[in-house]
> 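One structure coming up, written as structure tokens, with questions to follow.
Protein chains get the first letters and strands the later ones, always in sequence-line order, with residue 1 at the start of each.
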Amino acid sequence: MTIIIDTPERLDTTTDAVSVDGVTRIFSARKRGAADVVALSDVSLTVHAGEFVSLIGPSGCGKSTLLRQIADLDQPDAGSVSVFGKTARRARLDQDYGIAFQQAGLLPWRTVSQNIALPLQMHRERGLDVAARVRELIELVGLGDFADRYPDQLSGGMQQRVAIARSLARNPKLLLMDEPFGALDEMTRERMQSELLRICGETGAAVVFVTHSIPEAVFLSHRVVVMSPRPGRVKEVVVMERAGAPVGSDAVRDDAAFFRGVTAVREALHDGAAAGQGVENR
Amino acid sequence: MSTRSRSLLFSSATGIAGVALLAVLWEGYKALGPAEGLRIGAVEGERGSGVMVLPRTDDVAMPHLIDMLVRLLEPVSSSAADTPLWLAVVQAASLSLGIALCGLAIGLVVGTVLAVAMQRVRIVESAVLPLVILSQTVPLIALAPLVRSWGARIEIGEFEWQNWMSVAVIAAYLAFFPIAVGMLRGLQSPSAVDVELMDSLASGWWSTLVRLRLPAAVPYLVPALKLAGASAVVGTVVAEVSVGLPGGIGRMIMEFAGFVSSDPAKVWAPITGALLLGLVVAGLVALAGLPLNRFRRTELAS
Ligand SMILES: Nc1ncnc2c1ncn2[C@@H]1O[C@H](COP(=O)(O)OP(=O)(O)OP(=O)(O)O)[C@@H](O)[C@H]1O
Ligand SMILES: [Mg+2]
């Protein structure tokens with residue numbers, strides 16, 4: 001059968017959104033005698049503009065660490081990271097990405113709307129109606145009735161949705177998301193997944209998405225990066241086939257291609273030997 | 001009624017109950033305790049020998065509360081034209097209150113600036129924090145003459161160093177300590193996730209200070225302010241005596257101490273005044289803390 005790789009051709013592919021080149025990150029042991037932790041070992045990865053890439057792998061394999069290198073919250077010991085052709089640091093200072101952390105990380109003294117408004121207040125855009133934009137974002141994540149609540153009055157999943165809204169606030173061209181839907185129920189999760197794809201379609205944002213769920217990765221992604229632990233490396237990159245149903249429609253979940261994708265990722269996770277369709281070995 | 005004003009009402013009620021309990025203890029001990037006190041190891045027939053373990057309860061050592069109250073309404077001295085005692089005490093206490101609040105304000109500013117500097121630069125923390133702790137071991141009595149003589153040398157144009165300023169400086173010297181220590185802990189309290197969030201938003205040092213660290217420090221600042229308020233009052237009262245500033249409650253306590261045998265109830269008037277001064281400062285600090293409750297959500301909820 002033919003494999004149609006849904007690379008978004010409408011987008012400028014001359015500058016990649018993210019280019020990770022031979023990155024190694026070693027956490028030196030604080031205690032004497034304890035071994036250093038090689039969180040990332042010679043990891044290379046390219047994310048094209050507008051592309052959705054998922055990172056999947058067992059706990060502790062360095063997914064969050066890789067994301068933090070891209071976000072310039074941590075610096076590699078070897079190798080380099082560039083974001084939209086700039087250094088990661090420049091991209092961070094230019095606010096080229098929005099990030100949602102593994103923990104929601106809301107400021108407890110700010111209400112839901114104040115938390116979402118934070119990036120907008122810190123970097124004011126001329127002519128932007130902050131209040132209106134915040135209302136729009138709150139509706140987007142379905143928290144319309146909770147705008148003036150404080151984080152301690154929300155459930156974990158609701159807090160996570162606030163954090164997602166905050167990461168979207170400035171319409172970034174790159175979204176970094178660390179298990180953003182981990183705390184959500186299945187219904188909300190599926191709705192948020194579709195919403196996320198819709199937003200990406202509208203804004204043309206590239207996404208680096210960490211998840212533990214194979215179906216989620218397959219449903220959302222153009223490519224799924226399978227990582228292995230100790231030392232953290234890229235084991236395989238599985239390219240999703242996007243024949244038939246359009247990206248992000250619920251029909252995809254029942255598509256035969258969807259199940260083939262799930263199988264391919266699962267095999268890549270369990271052992272490197274899977275050489276099925278759409279699997280690109282590295 | 002909001003939870004806020006309810007909790008304020010509750011703390012005022014417990015405050016009043018505390019004062020009432022003190023009064024009950026006073027009168028209770030006076031009624032039940034030994035009139036001549038209790039001495040251990042006293043030699044028969046030798047006055048003042050041995051160690052006093054329980055104070056005397058006679059009317060000279062412990063006047064009845066009602067006598068003290070009545071005395072408050074009478075003039076300060078025997079001449080009837082004098083101001084009533086209560087008014088004199090209130091006037092002295094207000095002077096001390098002003099100085100104590102001044103000292104508290106200076107202490108707040110100095111303590112905050114020190115804490116911010118210590119948070120900002122690691123080396124400053126390891127260099128300054130021991131000094132801050134050491135500073136509190138210098139006895140006030142030694143400090144007062146120093147501050148006074150340094151102050152006397154300051155002359156900038158019209159400005160001339162006043163004696164009360166020395167007292168305020170000494171009050172601030174005691175007050176800045178809890179603030180610097182509490183504030184430092186508070187500024188360091190945000191988790192790595194919170195700091196990374198600010199970094200990801202390309203927040204500079206100042207912006208992170210204002211938007212993250214200072215709000216996060218509030219739960220640590222409020223109890224530190226209460227301590228600092230109490231320290232400022234103690235510092236003011238003691239410094240008034242050692243600097244020799246007339247008109248305040250500290251000097252009044254010393255002056256009236258001379259009347260212990262001739263007019264025992266009078267002695268207690270300025271002491272009561274000092275007690276009230278402490279309560280007023282504590283109340284003002286609590287009031288000032290109310291608008292900060294938004295920053296103490298997690299703490300107040302638990
Ligand atoms: N700041 C740090 N100091 C020391 N070691 C660290 C630090 N951050 C991460 N590590 C180590 O690096 C490795 C990778 O951690 P990372 O958080 O990237 O894993 P992960 O893939 O995100 O796991 P999970 O799926 O559980 O979130 C782990 O072994 C962890 O112990
Ligand atoms: Mg992680």
Side-chain angles (χ1 to χ4, degrees), chain A residues 64-65 67-75 83 86 88-112 114-124 148-154 159-160 162-163 166-167 169-170 172 174-178, chain B residues 2-7 112 115-116 119 122 126 182-183 185-225 288-302:
Chain A
S64 298
T65 306
L67 211 63
R68 286 152 44 84
Q69 311 296 318
I70 300 169
D72 187 46
L73 297 174
D74 189 36
Q75 285 73 38
V83 176
K86 319 172 192 178
R89 181 181 149 74
R90 189 69 252 159
R92 175 172 65 83
L93 296 179
D94 290 351
Q95 287 290 282
D96 284 337
Y97 67 79
I99 188 166
F101 294 95
Q102 202 162 353
Q103 304 96 326
L106 304 179
L107 302 181
W109 52 85
R110 282 178 170 249
T111 63
V112 166
Q114 288 167 339
N115 263 293
I116 295 176
L118 183 65
L120 302 170
Q121 291 166 345
M122 292 185 57
H123 305 274
R124 293 200 172 275
D148 296 322
R149 300 289 182 85
Y150 286 89
D152 57 292
Q153 299 169 316
L154 304 180
Q159 293 181 20
Q160 196 63 51
V162 177
R166 182 178 60 194
S167 72
R170 304 193 71 233
L174 173 63
L175 276 170
L176 305 175
M177 312 190 103
D178 199 343
Chain B
S2 73
T3 12
R4 213 188 244 191
S5 48
R6 200 180 303 157
S7 81
T112 305
V116 168
Q119 190 279 320
R122 256 285 144 71
S126 42
M183 199 71 169
R185 279 200 58 197
L187 291 174
Q188 290 173 335
S189 69
S191 64
V193 186
D194 295 334
V195 176
E196 282 192 350
L197 169 71
M198 298 311 283
D199 284 347
S200 79
L201 293 172
S203 170
W205 171 76
W206 176 253
S207 167
T208 302
L209 179 71
V210 172
R211 289 175 206 274
L212 176 65
R213 293 196 187 276
L214 284 177
V218 168
Y220 297 80
L221 177 65
V222 171
L225 259 181
L290 274 189
L292 296 176
N293 272 355
R294 181 159 78 96
F295 301 102
R296 302 170 65 200
R297 291 191 62 83
T298 25
E299 174 199 3
L300 294 179
S302 55

> How close do A:V83 and A:I70 get, counting heavy atoms only, and between which atoms?
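For A:V83 versus A:I70, the nearest heavy atoms are CG2-O, 3.8 Å.
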
> In terms of heavy-atom pairs under 4.5 Å with chain B, which of A:R110, A:H123, A:Q103 leads?
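The residue among A:R110, A:H123, A:Q103 with the greatest pair count is A:H123.
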
> Is A:L93 close to chain B through its backbone or its side chain, or both, or neither, when contacts mean heavy atoms under 4.5 Å?
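Both backbone and side chain.
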
> Need one label for A:I99: side chain, backbone, both or neither, based on atoms under 4.5 Å from any heavy atom in chain B.
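Side chain only.
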
> Pick whichever of B:D194, B:V218, B:L201, B:V193 has the most heavy-atom pairs under 4.5 Å with chain A.
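With the most close heavy-atom pairs to chain A, the winner is B:L201.
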
> Do the numbers put B:R297 on top of the ring of A:Y150, so that NZ or CZ is under 6.0 Å from the six-membered ring centre and no more than 45° off the axis?
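Here B:R297 passes the 6.0 Å and 45° test against A:Y150.
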
> Assess, by modelled atom type and distance only, whether the side chains of A:D178 and A:S64 contain a donor and an acceptor separated by less than 3.5 Å.
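Per modelled atom types, A:D178 and A:S64 side chains form a pair under 3.5 Å.
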
> If we ignore hydrogens and angles and just use 3.5 Å, is the side chain of A:Q159 paired with the main-chain N or O of A:P151 as donor and acceptor?
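At least one qualifying donor-acceptor pair exists.
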
> With a 4.5 angstrom heavy-atom cut-off, could you sort out which part of B:S207 is near chain A: side chain, backbone, both or neither?
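The answer is the side chain of B:S207.
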
> Counting heavy-atom pairs under 4.5 Å to chain A, which of B:L197, B:L212, B:V195, B:D199 comes out on top?
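Result: the option with the highest number of such pairs is B:L197.
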
> Would you mind checking which part of A:R170 comes under 4.5 Å of any heavy atom in chain B, side chain (CB onward), backbone (N, CA, C, O), both or neither?
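For A:R170, there is no contact with chain B at all, as no heavy atom is under 4.5 Å.
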
> Identify the two heavy atoms, one from A:A104 and one from A:Q160, that lie closest to each other, and give their separation to 0.1 Å.
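Shortest heavy-atom contact: N-OE1, 3.8 Å.
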
> Identify the two heavy atoms, one from B:G182 and one from B:A224, that lie closest to each other, and give their separation to 0.1 Å.
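In terms of heavy atoms, the two residues are closest at CA-CB, 4.4 Å.
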
> Quick check on A:Q121 against chain B: is it the side chain, the backbone, both or neither that has a heavy atom closer than 4.5 Å?
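Both parts, heavy atoms under 4.5 Å.
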
